[in-house]
Structure formats: structure tokens, C-alpha cells
Amino acid sequence: MSVFRDPVQAAIRALEAELGGGPRADLPPGVDRLASLLLQREERLRAIEKAQPERELLSAMPDAAGLIAADGRVRASNAALDGMAPGGRSVGLTLLEITRQAELADAAQRALEGSPKRLEIHLGARTWIANVTPLLRGEVLVLLRDVTESRMAESTRRDFVANASHELRTPVSAIAGAAETLLSGAMDDPAQARSFVEMIARNAERLARLTNDLLDLSRIESRQWPVKLEPVSVGGTAQRAVEVCSEPARRKRIELRVEVPEGTAVLADARALEQVLVNLLDNAVKYTPDGGRATVTASPVTGDRIEVVVADTGPGIERHHLPRLFERFYRVDPGRARGAGGTGLGLAIVKHLVQMQAGDIGVDTGSGGTSFRVRLPRAEAPAAPAAP
Ligand code: ADP
């Protein structure tokens with residue numbers, strides 16, 4: 001009988017004795033199991049060490065990436081692929097277990113047989129491009145790239161080009177039609193000729209407005225509009241915007257008011273803020289019936305910000321339009337808006353310009369009219385310009 005109470009100690013002594021030429025050691029069953037577990041752990045560590053350079057390589061990849069071994073299970077992966085796996089660990093799982101995507105699992109199987117494949121897959125609301133490539137040593141490299149955002153941007157751009165072309169086609173067709181009618185005889189009748197020339201002038205003006213707005217929008221979106229944030233007087237800027245809109249306002253007998261306390265200033269880009277107020281006042285004039293009023297006010301709000309409000313006494317906007325109001329080419333009443341000379345881009349430009357100045361924009365509307373609220377950081381009033 002062993003003198004050692006501890007079975008592990010006893011087993012060690014017995015094994016040492018056996019290896020030193022003694023009789024075969026009689027090991028208790030628990031120790032046998034322990035030895036086999038230690039061996040397994042050793043093998044696993046060796047496998048991980050062996051995969052270390054590959055894991056390093058996979059980690060440097062921008063995509064979710066993994067190596068699929070001949071048994072169809074992931075042998076090495078990067079964090080992005082692990083993030084897709086249930087439990088956050090992809091090693092040891094099949095692609096089907098990770099993505100629940102039969103088409104991808106099928107492509108990986110075929111790649112193990114030697115055929116590479118590129119495919120688009122949908123996981124939940126996201127779109128991925130998967131590349132499965134057979135490697136020389138009988139394994140497969142799988143790369144998954146999330147293309148959801150770029151696909152969305154592509155589709156927005158396609159819609160924009162289609163909308164812009166459609167908007168441009170209308171005045172171009174009107175001009176071409178009027179010119180053709182003039183050439184085929186209307187030119188000889190002074191009354192008719194005048195009405196067709198007026199039609200050409202009106203539509204040329206519309207084309208000019210559209211192309212100007214499109215250019216502004218593209219300059220803002222491609223960040224070619226240089227933003228210079230500095231203290232800007234709200235009252236002074238609102239006054240200049242009112243002057244720009246005074247002619248159309250006069251024609252509709254719409255009163256334009258500026259009620260901004262002296263010395264109110266915001267940190268903004270002077271040109272961008274003026275453009276924002278011009279676009280909002282221009283809409284107020286366009287959509288408010290004759291004899292109405294539009295007012296610019298400003299007051300401090302929480303967070304050390306100033307809220308500049310352009311409010312009109314027009315018909316208001318039905319609430320269900322609000323979520324899409326700032327989209328390019330979105331119009332509440334397309335016929336009326338075009339008739340009023342709208343391009344459908346005014347509010348999209350406003351939203352971009354406000355965001356560019358670290359501000360935010362909201363809208364309140366009801367039967368009493370519409371108020372656009374622009375919030376910008378408060379600033380100390382700028383020094384008055386020196387007298388010339
Ligand atoms: P548009 O050039 O057609 O005016 P905007 O982007 O400036 O395009 O405005 C989008 C739509 O929002 C307009 O077509 C109009 O239906 C609605 N809208 C904008 N401002 C007002 C307002 N002050 N009162 C009523 N409706 C407005």
C-alpha cells in the first residue's frame with residue numbers, strides 16, 4: 001500500500017519508479033483522465049499557436065474573415081467574423097451555424113471542392129458581399145464585406161439623378177415647344193409671339209433656379225462650401241434676407257418682419273445663415289396667401305443656444321408630411337409648389353447648411369401657419385463694422 005495519501009503524488013512516484021526501471025505503475029482512474037485532459041489542452045494550445053500568424057493576417061483585414069478547414073468548420077477567424085457568430089466565437093463552427101445562410105454554406109462547400117465564388121447575401125436588414133476562395137492547402141478563405149451603407153448611398157444617388165433629370169426635362173420641353181411653335185408661324189402674330197416668348201423666359205428662369213440649387217447642393221455635399229464659423233448678428237443677417245425676399249413679398253402684399261433683440265449673435269457661417277433665412281422666408285412668401293405675414297424672431301434656449309424662428313401665417317403643413325419635408329425634391333403639393341416657382345430643393349439645402357454649422361432644425365405647424373426653428377450656438381455679439 002502506498003504511503004502517499006494524495007493520489008496524484010502517489011501516481012507521480014509510481015510513474016517515476018516505472019520509468020526508472022521498476023514495475024508498471026498502477027494508476028488510479030482519475031489520474032488517467034487528468035493525463036488525457038492535459039494532453040488535449042496541450043494539443044489545443046499547439047493548434048492555436050500554429051494558427052497565430054494566420055489570425056494576425058485575418059485581423060489586419062477590413063472584412064469579416066475566416067479560414068474554413070476541410071471539415072467545413074472555421075479554423076481561424078478575425079474579430080469581425082467572431083462578432084457575427086452566436087456566442088461571439090466562430091472557431092469550430094460551420095458557416096451555416098454562424099450566418100444561417102444556406103447559400104453561403106453551399107458556396108463554401110463548393111470552394112472546398114475547388115470552385116471560388118462571389119455572392120451577395122442578406123443577413124437581417126444588412127447586405128454583404130461574400131468571397132469564398134479555395135487555398136492551395138485544401139482550405140477556404142471566406143471574406144464578408146458589409147455593403148449596406150454603400151448600397152443605400154448608390155440607390156439615393158440613382159433616385160436623385162432620376163428626379164433631377166425629370167425636373168430639368170419639364171422646363172426644357174416647354175422652351176423647346178414654345179420655340180418650335182414660334183418658328184412654325186406664331187412669330188408672325190405679335191400677341192401669340194409675346195405669350196410664347198414669355199413662356200420661354202419663365203421656363204429659362206426656372207431652369208436657372210434649378211441649376212443654381214443643384215450646384216449649391218452639390219457644393220455643400222462635397223464639402224466645397226467653405227464654412228467659417230464666427231459670431232454673426234442674427235438681426236443684421238435676418239434684415240439682409242428680408243431685403244432679398246422683399247420684391248416677391250411686395251407683389252403678394254406679405255409683410256416681412258424682423259423681431260430680434262439687439263445684440264443677439266450666433267456662432268455661424270454668415271453666408272450660410274443668410275442663405276438659410278432666405279430659403280425659409282422665400283417659402284413663407286411662396287406658400288402664404290396674399291396679405292399674410294412672415295416674422296423672424298430669436299431667443300435663447302437651453303444648452304447655450306439661440307433659436308431663430310421663421311414663422312408665417314400660411315396654411316400650415318399636414319403632419320404626415322413632416323418626416324420627409326427636408327428630403328430633396330419632396331413637395332407637399334407638387335403642382336402648387338412648382339407653380340409657385342419651387343425647385344423642391346430649398347429645405348434640403350437649409351438642412352445641410354444648418355448641420356454644417358453644428359446646428360439643428362425643427363418645424364412646428366398647424367392651421368395658424370408654419371414655424372421653422374433653427375438652433376445654433378450662442379456667441380458674443382460681433383463688433384460693429386467700423387464706419388467707412
Ligand atoms: P420648394 O422649392 O418646392 O418650395 P422646399 O424644399 O423649399 O421646396 O419645400 C418643400 C415643400 O415643403 C414645399 O413644396 C411645400 O409644399 C412645403 N413648404 C415649405 N415651406 C412651407 C411653408 N412655409 N408653408 C407651407 N408649406 C411649406
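All values below were derived from every heavy atom in this structure, side-chain atoms included, with hydrogens, water molecules and symmetry-related copies excluded.
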**Student:** In terms of relative ring orientation, are F326 and F372 parallel, tilted or perpendicular, with 30° and 60° separating the classes?
**Tutor:**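 The arrangement is perpendicular - the two ring planes meet at more than 60°.
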**Student:** Tell me if a side-chain donor or acceptor on E97 pairs with a main-chain N or O of T94 at a distance below 3.5 Å.
**Tutor:**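 Answer holds: yes.
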**Student:** Is any NZ, NE, NH1 or NH2 atom of the basic residue among R126 and E149 found under 4.0 Å from an Asp or Glu carboxylate oxygen of the other?
**Tutor:**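 Salt bridge flag = yes for E149 with R126.
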**Student:** Assess whether atom CD of E56 is packed by more than 12 heavy atoms of other residues, nucleotides or ligands within 6.0 Å.
**Tutor:**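 No.
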**Student:** Are V260 and V244 linked, directly or through other ILVMFWY residues, by side chains that come within less than 4.5 angstrom of each other?
**Tutor:**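 V260 does not cluster with V244.
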**Student:** Taking all heavy atoms of D269 and all of V232, pick out the closest pair and write down the distance.
**Tutor:**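 Here D269 and V232 meet closest at C-CG2, 4.4 Å.
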**Student:** Measuring from S59:OG to L81:CG, what's the distance to the nearest 0.5 Å?
**Tutor:**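 That separation rounds to 11.0 Å.
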**Student:** Are I68 and V132 side-chain neighbours, meaning at least one heavy-atom pair lies under 4.5 Å?
**Tutor:**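 Contact flag for I68/V132 side chains = no.
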**Student:** Quick check on the hydrophobic clustering: are L347 and M356 connected, directly or via other members, by side-chain heavy-atom contacts under 4.5 Å?
**Tutor:**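 Same hydrophobic cluster.
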**Student:** Of all heavy-atom pairs between F196 and A178, which one has the smallest distance, and what is that distance?
**Tutor:**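 Looking at all heavy atoms of both residues, the shortest contact is O-CB, 3.8 Å.
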**Student:** I'd like to know if the side chain of K117 reaches the main chain of N131, judged simply by a donor and an acceptor atom lying under 3.5 Å from each other, with no hydrogens or angles considered.
**Tutor:**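 Such a contact is absent between K117 side chain and N131 backbone.
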**Student:** Using a strict 4.0 Å threshold on nitrogen-to-oxygen distance, state whether R257 and E255 make a salt bridge.
**Tutor:**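 Answer for the salt bridge query: yes.
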**Student:** So that I can tick it off, tell me whether E120 and R145 are bridged by a salt bridge, with the cut-off set at under 4.0 angstrom between side-chain N and carboxylate O.
**Tutor:**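 Looking at E120 together with R145, the answer is no, because their closest N to O distance does not fall below 4.0 Å.
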**Student:** Does E380 have more than 12 heavy atoms from other residues, nucleotides or ligands lying within 6.0 Å of its CD?
**Tutor:**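 Incorrect, the count does not exceed 12.
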**Student:** Between D63 and N78, which heavy-atom pair has the shortest distance, and what is it?
**Tutor:**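 Residues D63 and N78, closest heavy atoms: O-ND2, 2.8 Å.
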**Student:** Would you give the length of the straight line joining atom CG of D213 to atom OG1 of T343, rounded to the nearest 0.5 angstrom?
**Tutor:**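 So the gap between those two atoms works out to 3.5 Å.
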**Student:** Has D106 got a side-chain atom pairing as donor or acceptor with A102's backbone, closer than 3.5 angstrom?
**Tutor:**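 No, because the side chain of D106 does not come within donor-acceptor range (under 3.5 Å) of the backbone of A102.
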**Student:** Find the distance between OH (Y330) and NE2 (H321) and round it off to the nearest 0.5 Å.
**Tutor:**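 That separation rounds to 5.0 Å.
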**Student:** Under 6.0 Å from the CZ atom of R89, do we count more than 12 heavy atoms belonging to anything else shown?
**Tutor:**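 Counting other residues, nucleotides and ligands, CZ of R89 stays at 12 neighbours or fewer.
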**Student:** How far apart are the closest heavy atoms of L277 and A241, and which atoms are they?
**Tutor:**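 Reported closest heavy-atom pair: CB-CB, 3.7 Å.
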**Student:** Any ion pair linking E307 and R378 (charged N to carboxylate O, less than 4.0 Å)?
**Tutor:**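 No, no charged N to carboxylate O under 4.0 Å.
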**Student:** So, does K252 use its side chain to make a donor-acceptor pair with the main chain of P289 at under 3.5 Å?
**Tutor:**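 Not at all, since once roles are kept as given, no pair shorter than 3.5 Å links the two residues.
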**Student:** Where do E54 and R137 land on the salt bridge (Lys or Arg N to Asp or Glu O under 4.0 Å) test, with the steps shown first?
**Tutor:** CA-CA 13 Å; E54 287 153 353; R137 56 169 181 250; 3.0 Å; yes
**Student:** For I317, run the side-chain contact (heavy atoms from CB on, under 4.5 Å) check against L325, D364, D333 and tell me which one passes.
**Tutor:**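 So the option named by the test is L325.
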**Student:** In the structure I gave you, are the side-chain heavy atoms of V374 and L280 within less than 4.5 Å of one another anywhere?
**Tutor:**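 In contact.
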**Student:** Quick one: pull up CD in E327 and CZ in R324 and give me the separation to the nearest 0.5 Å.
**Tutor:**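 CZ of R324 is found 4.0 Å from CD of E327.
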**Student:** Does any non-hydrogen side-chain atom of Q355 lie less than 4.5 Å from one of D360?
**Tutor:**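 No, their side chains stay 4.5 Å or more apart.
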**Student:** Take L144 and I129 through the side chain to side chain contact (heavy atoms under 4.5 Å, CB included) test and state the conclusion after the steps.
**Tutor:** CA-CA 6 Å; L144 296 168; I129 294 288; over 6 Å; no
**Student:** Can you tell me how far apart OG1 (T211) and CG (L215) are? Round to the nearest 0.5 Å.
**Tutor:**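 One gets 6.5 Å once the value is rounded to the nearest 0.5 Å.
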**Student:** Does Q357 use its side chain to pair, donor to acceptor, with the backbone of L353 at less than 3.5 Å?
**Tutor:**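 Checking the backbone N and O of L353 against the side chain of Q357, a donor-acceptor pair under 3.5 Å is found.
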**Student:** R375 vs I306, test: side chain to side chain contact (heavy atoms under 4.5 Å, CB included). Steps then yes/no.
**Tutor:** CA-CA 6 Å; R375 290 184 174 193; I306 298 283; over 6 Å; no
**Student:** Is there side-chain contact between S115 and P134, with heavy atoms separated by less than 4.5 Å?
**Tutor:**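 The answer is no; the side chains never approach within 4.5 Å.
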**Student:** Return the minimal non-hydrogen interatomic distance between R206 and G342, and the atom names on each side.
**Tutor:**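 Result for this residue pair: NH1-O, 3.4 Å.
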**Student:** Any side-chain to backbone donor/acceptor pair from D282 onto V278? Under 3.5 Å, distance only.
**Tutor:**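 No.
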**Student:** With hydrophobic residues grouped by side-chain heavy-atom distances under 4.5 Å, do V91 and L58 end up in a single group?
**Tutor:**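 Cluster IDs for V91 and L58 differ.
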**Student:** Start with the C-alpha distance between R46 and E43, add both sets of side-chain angles, then the distance that settles salt bridge (Lys or Arg N to Asp or Glu O under 4.0 Å), and finish with yes or no.
**Tutor:** CA-CA 5 Å; R46 226 176 293 136; E43 271 167 14; 5.8 Å; no
**Student:** With the 4.5 Å side-chain cut-off for hydrophobic clustering, are V142 and L67 part of the same group?
**Tutor:**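 Cluster IDs for V142 and L67 differ.
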**Student:** Quick one: does any side-chain atom of T170 pair with a main-chain N or O of H166 as donor and acceptor, under 3.5 Å?
**Tutor:**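 Judged by distance alone, yes, a pair lies under 3.5 Å.
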**Student:** Looking at V147, is its backbone amide N or carbonyl O close enough to the side chain of S150 to form a donor-acceptor pair, meaning the two atoms are under 3.5 Å apart?
**Tutor:**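 Checking the backbone N and O of V147 against the side chain of S150, a donor-acceptor pair under 3.5 Å is found.
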**Student:** Does the side chain of E103 come within less than 4.5 Å of L119's, by heavy atoms?
**Tutor:**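 Yes, close enough: below the 4.5 Å cut-off.
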**Student:** Determine whether W128 and M152 fall in the same hydrophobic cluster, where Ile, Leu, Val, Met, Phe, Trp and Tyr are linked whenever their side-chain heavy atoms lie under 4.5 Å apart.
**Tutor:**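 Different hydrophobic clusters.
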**Student:** Find out whether Y287 and D312 are in side-chain contact, i.e. whether some heavy atom of one side chain is under 4.5 Å from a heavy atom of the other.
**Tutor:**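 A side-chain contact is absent here, since even the closest heavy-atom pair is not under 4.5 Å.
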**Student:** T148 and D146: which non-hydrogen atoms are nearest, and at how many Å?
**Tutor:**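 Heavy-atom minimum between the residues: OG1-OD1, 2.5 Å.
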**Student:** Under 4.0 Å between a Lys/Arg side-chain N and an Asp/Glu carboxylate O for E205 and R202?
**Tutor:**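 Not counted as a salt bridge, because no side-chain N and carboxylate O are separated by less than 4.0 Å.
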**Student:** Quick one: are D290 and I254 in side-chain contact, heavy atoms under 4.5 Å?
**Tutor:**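 Side-chain contact under 4.5 Å: no.
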**Student:** Looking at E180, I'd like to know if its CD atom is crowded, meaning that more than 12 non-hydrogen atoms belonging to other residues, nucleotides or ligands lie closer than 6.0 Å.
**Tutor:**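 Counting other residues, nucleotides and ligands, CD of E180 stays at 12 neighbours or fewer.
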**Student:** Got a sec: does the CD of E262 have more than 12 other heavy atoms crowding it under 6.0 Å?
**Tutor:**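 Count not over threshold, so no.
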**Student:** Is there a side-chain contact between V350 and I361 (heavy atoms, below 4.5 Å)?
**Tutor:**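 Heavy-atom side-chain distance check passes, below 4.5 Å.
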**Student:** Is it true that the side chains of Q275 and N279 contain a donor and an acceptor less than 3.5 Å apart?
**Tutor:**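 Side chains of Q275 and N279: pair found under 3.5 Å.
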**Student:** Start with the C-alpha gap between R328 and L217, add the side-chain angles, then the distance that decides, and say whether side chain to side chain contact (heavy atoms under 4.5 Å, CB included) holds.
**Tutor:** CA-CA 9 Å; R328 301 182 282 198; L217 203 59; 3.3 Å; yes
**Student:** Check the pair R209, E167 against salt bridge (Lys or Arg N to Asp or Glu O under 4.0 Å), reporting the backbone distance first and the verdict last.
**Tutor:** CA-CA 11 Å; R209 264 199 311 272; E167 293 290 335; over 6 Å; no
**Student:** Any salt bridge linking E139 with R73? Criterion: basic side-chain nitrogen under 4.0 Å from a carboxylate oxygen.
**Tutor:**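 No, no charged N to carboxylate O under 4.0 Å.
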**Student:** Apply side chain to side chain contact (heavy atoms under 4.5 Å, CB included) to residues T370 and V363 and explain how you reach the verdict.
**Tutor:** CA-CA 7 Å; T370 306; V363 54; 3.8 Å; yes
**Student:** Drop me the distance from Q239's CD to L256's CG, to the nearest 0.5 angstrom.
**Tutor:**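 Output value for this atom pair is 9.5 Å.
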